[in-house]
Structure formats: structure tokens, C-alpha cells
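This report concerns only the one structure given below.
Counting convention: from 1, in listed order, for ligands and their atoms alike. It should be emphasised that the depicted structure is a prediction, and the values quoted were computed from it without experimental measurement.
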Amino acid sequence: MGGRVMEVIACAVPAVFVCLAVMTYSHIRQLRMFRTLDRMLEEAIDGNFSESHYDESRLSSFEIKLARYLTQCSLSSGRLMRDRERLKGLISDISHQTKTPLASILLYAGLLREYPIPKECVDSVDAIAKQAEKLQFLIDALVKSGRLELGVISVHPRLEALSPCIAAAAQQVLPFAAKKNVSVSWAETDAKAVFDPKWTQEAVFNLLDNAVKYTPPDGEVRISVKEYEMFCRIDVEDSGIGVKEEELGHIFERFYRSPSVRNEQGVGLGLYLAREIVAGQGGYIKAASEFGKGSRFSVFLIRRS
Ligand code: ADP
């Protein structure tokens with residue numbers, strides 16, 4: 001009996017040692033693998049991952065797959081960076097190369113108007129000037145939105161009073177509103193928010209310009225400010241043509257124009273640009289409308305930095 005117990009113990013002890021050795025070995029391998037994975041990911045995050053830093057013959061199949069994947073990622077991010085740089089160059093070329101010819105077209109159209117020319121020619125000169133102005137606006141808006149998207153120009157939000165920004169945007173639209181006898185009203189407010197005054201003025205102006213443009217003569221446009229716990233809200237309301245419910249989801253898209261406004265001047269970039277500007281400072285824009293009755297565009301800006 002005692003002999004059998006000794007035999008069992010004699011077999012079990014080496015088996016236990018073998019098991020312990022196997023477990024220790026696999027634990028060490030796992031630790032080594034985690035360290036390698038950690039290093040690979042650290043290098044990838046820092047942007048200096050290279051497969052050549054690793055000896056493939058010493059890697060597990062999992063590590064090899066991750067290394068290949070990270071190589072692909074770093075190649076595509078390199079390509080993206082190069083494309084981005086090319087796009088920046090292209091945008092700046094378009095902006096520079098079109099500035100002078102467009103300014104010349106507008107200048108010569110202006111000069112032609114001063115000559116005694118036949119009535120048919122006056123209409124043609126007006127058409128040339130109008131289209132050149134439209135092209136200038138289109139290029140400006142495209143260049144601006146491209147630069148905002150690429151981060152070439154960035155908004156610099158800081159805690160500011162809203163009143164001066166709203167008043168400046170409203171003053172800008174007044175001459176256009178006066179031509180249509182559309183009233184534009186706004187109340188003084190001491191509300192403050194975190195925003196970039198120059199860019200936010202442009203975003204609010206775009207909303208006001210639309211409000212006046214899409215409101216028939218003798219209508220009204222109102223600007224008001226409400227303060228919430230987290231956000232300040234600027235409402236631009238009009239008594240204009242409104243937007244159909246099924247179109248509300250599209251009006252912020254680049255180049256989207258409702259079929260019902262074909263006879264109005266526009267290129268479909270105003271709202272897109274306004275949204276880019278507001279989103280760039282951590283805010284957002286919401287639109288509500290009743291077709292045929294009017295619209296309300298609300299800009300939400302963060303109250304505290
Ligand atoms: P644009 O005014 O140059 O067409 P926007 O990007 O500013 O371009 O506006 C996109 C579209 O949204 C407009 O074409 C119009 O259909 C609709 N829209 C915007 N603002 C208003 C508004 N206040 N009232 C009615 N429709 C509007």
C-alpha cells in the first residue's frame with residue numbers, strides 16, 4: 001500500500017513540475033507579447049511605427065497581423081497628410097489666381113456702364129457684372145469653407161458679449177432689408193458666450209441674409225437671445241416663405257437649394273458655412289420652419305469655457 005502511494009507521488013511530482021513550467025512559459029510569452037503590442041501601439045500613436053523595428057521571426061502570428069495593420073494605417077495616414085497639403089495648396093492657388101481676373105471683369109463692367117452704350121448692351125453689361133459677383137461670392141465661400149475644414153483657418157472662441165456681434169451682423173443686412181421694406185429688429189442683451197466674434201458675426205449674418213432674402217416685401221425679421229444653463233441661444237426668426245419639412249434635413253448640405261427658391265440669388269453655401277463656423281466653436285445650429293409662414297434658425301453657443 002505504502003509502495004503504491006510512493007509510486008503515485010513519484011509520477012505526480014514531475015507532472016506538477018511540467019505543468020508549472022508550461023504555465024510559467026506561456027505566462028512569460030503572454031507578457032512578452034503584451035509588451036510588444038503595447039510598444040507597437042505607442043509607436044503608432046506617436047506616428048513613428050515601422051515594421052522594420054521588429055524581427056518577424058520572433059513575433060507571434062497575432063503580432064505580425066497587428067504590425068501589418070499598423071503599417072497600412074501609417075501608410076494611409078501619410079497619404080492623407082500629403083493629400084491635405086495638396087488640397088491646401090490648390091485652395092490657395094484658386095483663391096490667388098481667380099482674384100485678379102474677377103476684379104478686372106467687375107472693374108471693366110463698371111467702366112463700360114459709364115459710356116453711352118445702347119440699351120441691349122447695358123443689360124448685357126449688368127448680366128456680366130452680376131455673374132462675376134456671383135462667381136466671386138462662390139469662390140470666396142468655397143475657399144472659406146475649405147480652409148475651415150482643413151483647419152488652415154481656425155476659429156478662436158473666447159468669452160465675449162453677444163450684443164456687439166449681433167448688432168454688427170444686423171447692421172450689415174439693413175441696406176438689403178431696406179430695399180425690400182423688411183424690418184429687422186433686435187433687443188440689447190448683456191448675455192455672454194464663448195465665441196469668435198468675427199466668424200460668429202459672419203454666421204449670424206448668413207442667417208439674417210437668408211431671412212431677409214426669403215421673406216417677401218413688408219415682412220419682418222427678429223433676432224432674440226435666450227440664456228440656458230450650458231448654452232446661449234440666438235434666434236433668427238422671419239415671416240418668410242418657410243422650408244418644407246422634408247427639406248429641413250438637407251438645407252445645411254453644401255450646394256443644397258430648395259427648388260422653390262430658384263428665382264432668388266444664391267449658391268447654397270451660406271448655411272453650410274454658418275454650421276461649420278458654429279460647430280468649430282463647440283456649438284450647433286437648429287432650424288424650425290412652417291412652410292409658407294416663416295422660419296427660425298437657432299444658434300447655440302457655449303456659455304462658459
Ligand atoms: P442660398 O441662400 O445661397 O441658397 P443657403 O445655404 O444659405 O444657400 O441656404 C440653403 C437653402 O435653405 C436655401 O436655398 C433655401 O432653400 C433654404 N433657406 C435657408 N434659409 C431660409 C429661410 N430663412 N427661409 C426659407 N428658406 C431658407
Side-chain angles (χ1 to χ4, degrees), residues 102 127 129-149 155 165-166 168-186 198-226 233-280 283-300:
L102 270 173
K130 214 164 161 187
Q131 293 305 317
E133 270 163 17
K134 190 170 170 180
L135 200 57
Q136 196 170 40
F137 175 82
L138 176 68
I139 292 168
D140 274 358
L142 272 176
V143 166
K144 253 183 231 166
S145 63
R147 285 182 171 159
L148 273 169
E149 271 176 39
V155 286
C165 173
I166 292 173
Q171 294 289 349
Q172 236 182 312
V173 85
L174 282 183
F176 175 37
K179 278 189 196 159
K180 295 180 74 176
N181 196 30
V182 168
S183 69
V184 180
S185 60
W186 68 98
K198 180 174 149 264
W199 284 102
T200 308
Q201 184 184 325
E202 174 146 358
V204 175
F205 169 76
N206 286 355
L207 301 182
L208 285 170
D209 190 47
N210 278 346
V212 174
K213 183 161 62 172
Y214 301 120
T215 295
D218 307 321
E220 60 172 318
V221 172
R222 269 179 295 129
I223 312 160
S224 56
V225 174
K226 287 190 189 76
R233 166 177 166 174
I234 308 171
D235 279 345
V236 174
E237 289 174 272
D238 64 59
S239 59
I241 57 171
V243 184
K244 286 187 185 146
E245 205 182 331
E246 62 273 24
E247 286 186 282
L248 273 176
H250 298 289
I251 55 178
F252 289 93
E253 288 166 12
R254 207 194 309 233
F255 297 123
Y256 182 84
R257 302 206 71 213
S258 165
S260 54
V261 302
R262 289 279 174 248
N263 52 343
E264 291 288 349
Q265 284 270 18
V267 290
L269 281 171
L271 287 184
Y272 174 78
L273 200 55
R275 195 179 59 175
E276 283 288 307
I277 292 170
V278 174
Y284 59 98
I285 302 188
K286 261 170 61 175
S289 187
E290 205 174 325
F291 190 58
K293 292 215 168 136
S295 312
R296 185 180 64 223
F297 286 84
S298 308
V299 177
F300 290 82

Using heavy atoms and a threshold below 4.0 Å, how should the contact between Ser258 and ligand 1 be classified: side chain, backbone, both, or neither?
-> both
Proximal atoms of ligand 1 relative to Gly268 (non-hydrogen, under 4.0 Å) = 1 (P), 3 (O), 4 (O), 6 (O), 8 (O)
Sub-4.0 Å heavy-atom approach of Gly240 to ligand 1 = no
Where does Lys213 meet ligand 1, judged by heavy-atom distances below 4.0 Å: at the side chain, the backbone, both, or neither?
-> side chain
Check ligand 1 against Gly266 and write out every atom of the ligand that is under 4.0 Å from a heavy-atom position of the residue.
-> 3 (O)
Among protein heavy atoms, which lies nearest atom 11 (C) of ligand 1, and at what distance?
-> Tyr256 O, 3.7 Å
Under 3.5 Å, N or O to N or O, is Ile241 touching ligand 1 that way?
-> no
Apply side-chain contact (heavy atoms from CB on, under 4.5 Å) to Trp186 and Leu208, showing your working.
-> CA-CA 11 Å; Trp186 68 98; Leu208 285 170; over 6 Å; no
Considering only protein heavy atoms, which is closest to atom 7 (O) of ligand 1, and at what distance to one decimal place?
-> Asn210 ND2, 2.8 Å
Interfacing atoms of ligand 1 (cut-off 4.0 Å, heavy-atom, Val243) = 25 (C), 26 (N), 27 (C)
Arg254 side chain reached by Leu269 side chain, heavy atoms, under 4.5 Å = yes
Rounded to the nearest 0.5 Å, what separation is found between the CZ atom of Phe297 and the CG atom of Leu271?
-> 5.0 Å
Option nearest atom 1 (P) of ligand 1 (shortest heavy-atom distance, choices Phe291, Tyr214, Phe137) = Tyr214
Atom 4 (O) of ligand 1: the protein heavy-atom neighbour that sits closest, reported with distance to 0.1 Å = Arg257 NE, 2.5 Å
Do any N or O atoms from the side chain of Ser289 and from the backbone of Gly294 form a donor-acceptor pair under 3.5 angstrom?
-> yes
Taking Lys293 for its side chain and Gly242 for its backbone only, find out whether a donor-acceptor pair lies under 3.5 Å.
-> no
Among all protein heavy atoms, pick out the one at the shortest distance from atom 23 (N) of ligand 1; state its residue, atom name and that distance to 0.1 Å.
-> Asp238 OD2, 2.9 Å
Parallel, tilted or perpendicular: which fits the ring planes of Phe300 and Tyr284, with parallel below 30° and perpendicular above 60°?
-> parallel
Can you sort out which atoms of ligand 1 are near Val261, meaning under 4.0 Å from one of its heavy atoms?
-> 14 (O), 16 (O)
Output yes when a side-chain donor or acceptor of Ser239 lies under 3.5 Å from a complementary backbone atom of Glu220, and no otherwise.
-> yes
Beyond-backbone contact of Phe291 with Val243, side-chain heavy atoms, under 4.5 angstrom | no
4.0 Å heavy-atom contact, Phe252 with ligand 1 | no
Donor-acceptor contact below 3.5 Å, side chain Asp238 vs main chain Ser295 | yes
Here the atoms of ligand 1 under 4.0 Å from any heavy atom belonging to Ile251 are 10 (C), 12 (O), 17 (C)
Side-chain heavy-atom pair Phe176, Lys180 within 4.5 angstrom cut-off = yes
Answer yes or no: are there more than 12 heavy-atom neighbours, outside Lys226 itself, under 6.0 Å from its atom NZ?
-> yes
So which heavy atom in the protein is nearest atom 6 (O) of ligand 1, and how far is it from that ligand atom?
-> Leu271 N, 2.9 Å
Could you list which atoms of ligand 1 come closer than 4.0 Å to a heavy atom of Leu269?
-> 6 (O), 8 (O)
Any N or O of Phe297 closer than 3.5 Å to N or O of ligand 1 = no
Ligand 1 versus Asp209, non-hydrogen atoms closer than 4.0 Å: side chain, backbone, both, neither?
-> neither
Any side-chain heavy atom of Leu138 within less than 4.5 Å of one from Lys134?
-> no
